Undergrad: 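Mind having a look at this structure? Questions to follow.
Note that the coordinates shown come from a computational prediction; the quantities given were computed from them, not determined experimentally.
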Amino acid sequence: MKELSIGDKAPDFALKNSDENLISLKDFLGKKVVIYFYPKDDTPGCTTQACDFTQNYERLRANDIVVIGISPDDSKSHSKFIDKYGLKHILLSDTEKEVIKAYGAWGLKKNYGKEYEGLIRSTFVVDESGKIAKIYKNVKAKGHIDILLKDLAC
């Protein structure tokens with residue numbers, strides 16, 4: 001599969017949110033969309049990242065930016081995660097990892113000298129016309145929101 005580049009059409013998707021409703025990328029044409037891929041609900045790095053998006057939710061919304069988090073967790077897990085931390089943005093379930101793979105957020109990782117397949121924390125900014133405007137790979141959860149807000153001029 002070809003790696004996505006800036007200017008490419010963002011792969012469309014239809015995934016379930018925490019309420020089991022299907023959400024599609026095309027639902028947000030005309031708005032900027034930040035799509036971030038994260039490994040697992042309610043783990044330290046993922047919680048930091050999700051809470052950072054929630055703390056800056058109004059600022060992003062004021063700039064007409066939609067935030068969508070996608071992980072392999074199911075809708076029930078997302079619902080608990082949202083309730084526990086008061087998350088305000090959309091979380092979608094990709095239990096089959098099809099969208100994760102389409103965006104190149106699944107691949108070989110290394111940890112303590114071991115190699116394994118896993119989710120690569122990544123963020124994509126999709127412009128109002130549905131094209132990829134920015135790509136962040138191997139994101140560090142802490143501080144990522146500051147880089148993103150600066151790049152988005154929020």
Side-chain angles (χ1 to χ4, degrees), residues 4 10-111 116-128 130 132-154:
L4 292 174
D12 196 16
F13 54 78
L15 296 170
K16 289 185 179 178
N17 68 5
S18 58
D19 296 323
E20 298 275 325
N21 296 319
L22 277 179
I23 303 290
S24 180
L25 179 59
K26 67 178 177 247
D27 296 341
F28 303 104
L29 273 175
K31 292 181 183 265
K32 258 191 191 126
V33 181
V34 171
I35 303 169
Y36 75 98
F37 294 92
Y38 67 99
K40 187 151 183 54
D41 290 340
D42 207 6
T43 55
C46 298
T47 299
T48 295
Q49 193 174 21
C51 288
D52 283 350
F53 276 113
T54 289
Q55 287 167 357
N56 290 280
Y57 180 77
E58 294 306 328
R59 191 168 163 188
L60 290 159
R61 206 173 79 168
N63 285 277
D64 217 20
I65 298 168
V66 175
V67 176
I68 299 173
I70 298 176
S71 85
D73 294 306
D74 63 20
S75 297
K76 190 175 177 185
S77 175
H78 284 340
S79 186
K80 287 180 187 172
F81 190 38
I82 288 167
D83 290 346
K84 184 173 180 178
Y85 295 100
L87 303 178
K88 296 180 180 176
H89 57 282
I90 299 164
L91 295 182
L92 299 179
S93 297
D94 186 13
T95 55
E96 302 299 313
K97 302 177 189 82
E98 289 172 9
V99 177
I100 292 166
K101 289 176 181 173
Y103 277 81
W106 186 265
L108 201 59
K109 296 175 69 165
K110 289 181 184 180
N111 194 15
Y116 62 97
E117 291 268 308
L119 192 140
I120 300 161
R121 193 183 302 272
S122 310
T123 302
F124 294 80
V125 177
V126 178
D127 70 15
E128 295 83 351
I132 295 176
K134 223 63 172 124
I135 300 171
Y136 305 84
K137 288 284 201 162
N138 292 309
V139 169
K140 299 276 180 259
K142 191 169 174 55
H144 178 55
I145 191 73
D146 300 322
I147 295 164
L148 199 56
L149 290 170
K150 184 174 173 260
D151 288 352
L152 292 169
C154 289

Undergrad: Less than 4.5 Å apart, any side-chain heavy atom of Ile35 and any of Phe13?
TA: yes
Undergrad: So does Ile145 get a backbone contact from the side chain of Asp52, meaning a donor-acceptor N/O pair under 3.5 Å?
TA: no
Undergrad: Under 30°, 30 to 60°, or over 60°: which ring-plane class applies to His144 and Phe53, parallel, tilted or perpendicular?
TA: perpendicular
Undergrad: Which distance, rounded to the nearest 0.5 Å, do you find between the CG of Asp151 and the CG of Asp146?
TA: 11.0 Å
Undergrad: If you round to the nearest 0.5 Å, how far is OG of Ser77 from CG of Leu91?
TA: 9.0 Å
Undergrad: Under a 4.5 Å cut-off applied to non-hydrogen side-chain atoms, are Ile68 and Phe28 in contact?
TA: yes
Undergrad: At what distance, to the nearest 0.5 angstrom, does CG of Asn138 lie from NZ of Lys140?
TA: 7.0 Å
Undergrad: Considering non-hydrogen atoms only, spot the tightest contact between Ser71 and Pro39 and give its length.
TA: CB-O, 4.2 Å
Undergrad: Taking atom CD1 of Ile90 and atom CD1 of Ile23, what is their separation to the nearest 0.5 Å?
TA: 5.5 Å
Undergrad: Check Asp42 with Lys84, please: is the shortest side-chain N to carboxylate O separation under 4.0 Å?
TA: yes
Undergrad: Report yes if some heavy atom in the side chain of Leu148 is under 4.5 Å from a heavy atom in the side chain of Val125; otherwise report no.
TA: yes
Undergrad: State the OG1-CD distance between Thr123 and Gln49, to the nearest 0.5 angstrom.
TA: 5.5 Å
Undergrad: Listing request: all salt bridge (charged side-chain N to carboxylate O under 4.0 Å, His left out) pairs with a residue in residues 31-41, at least two apart in sequence or in separate chains.
TA: Lys31-Asp64, Lys40-Asp73
Undergrad: On a heavy-atom basis, which atom in Ser24 and which in Asp12 lie closest, and how many Å separate them?
TA: OG-OD1, 3.3 Å
Undergrad: Taking the side chain as C-beta and beyond, is there a heavy-atom pair between Leu60 and Cys154 under 4.5 Å?
TA: yes
Undergrad: Quick one: does any side-chain atom of Ser79 pair with a main-chain N or O of Ser75 as donor and acceptor, under 3.5 Å?
TA: no
Undergrad: Is any side-chain heavy atom of Glu20 closer than 4.5 Å to a side-chain heavy atom of Ser93?
TA: no
Undergrad: Is there a side-chain contact between Ile120 and Leu108 in this structure, where contact means two heavy atoms from C-beta onward sitting under 4.5 Å apart?
TA: no
Undergrad: Do the two ring centres, one from His89 and one from Tyr36, sit under 6.0 Å apart?
TA: yes
Undergrad: How far apart are the closest heavy atoms of Leu25 and Pro11, and which atoms are they?
TA: CD2-O, 3.6 Å
Undergrad: Any donor-acceptor pair under 3.5 Å linking the side chain of Asn63 with the backbone of Ile65?
TA: no
Undergrad: Could you tell me whether the side chain of Tyr136 reaches within less than 4.5 Å of the side chain of Val34, counting heavy atoms only?
TA: no
Undergrad: Donor-acceptor pair, distance only, cut-off 3.5 Å: does the side chain of Lys97 make one with the backbone of Leu119?
TA: no
Undergrad: Do other residues, nucleotides or ligands put more than 12 heavy atoms under 6.0 Å from Lys137 NZ?
TA: yes
Undergrad: Minimum heavy-atom separation for Tyr103 to Phe124, with atom names?
TA: O-CZ, 3.0 Å
Undergrad: So, do Lys16 and His78 sit near enough that their side-chain heavy atoms are less than 4.5 Å apart?
TA: no
Undergrad: With no hydrogens and no angle check, is any side-chain donor or acceptor of Thr54 less than 3.5 Å from a backbone partner on Lys88?
TA: yes
Undergrad: Under the side chain to side chain contact (heavy atoms under 4.5 Å, CB included) test, which residues partner Cys51, sequence neighbours left out?
TA: Thr47, Tyr85, Leu87
Undergrad: Shortest non-hydrogen contact from Gly69 to Tyr38?
TA: C-CE2, 3.8 Å
Undergrad: How far does CD1 of Ile70 sit from CG of Asn17, to the nearest 0.5 angstrom?
TA: 11.5 Å
Undergrad: If you draw a 6.0 Å radius around CD in Glu117, do more than 12 non-hydrogen atoms from other residues or ligands fall strictly inside?
TA: yes
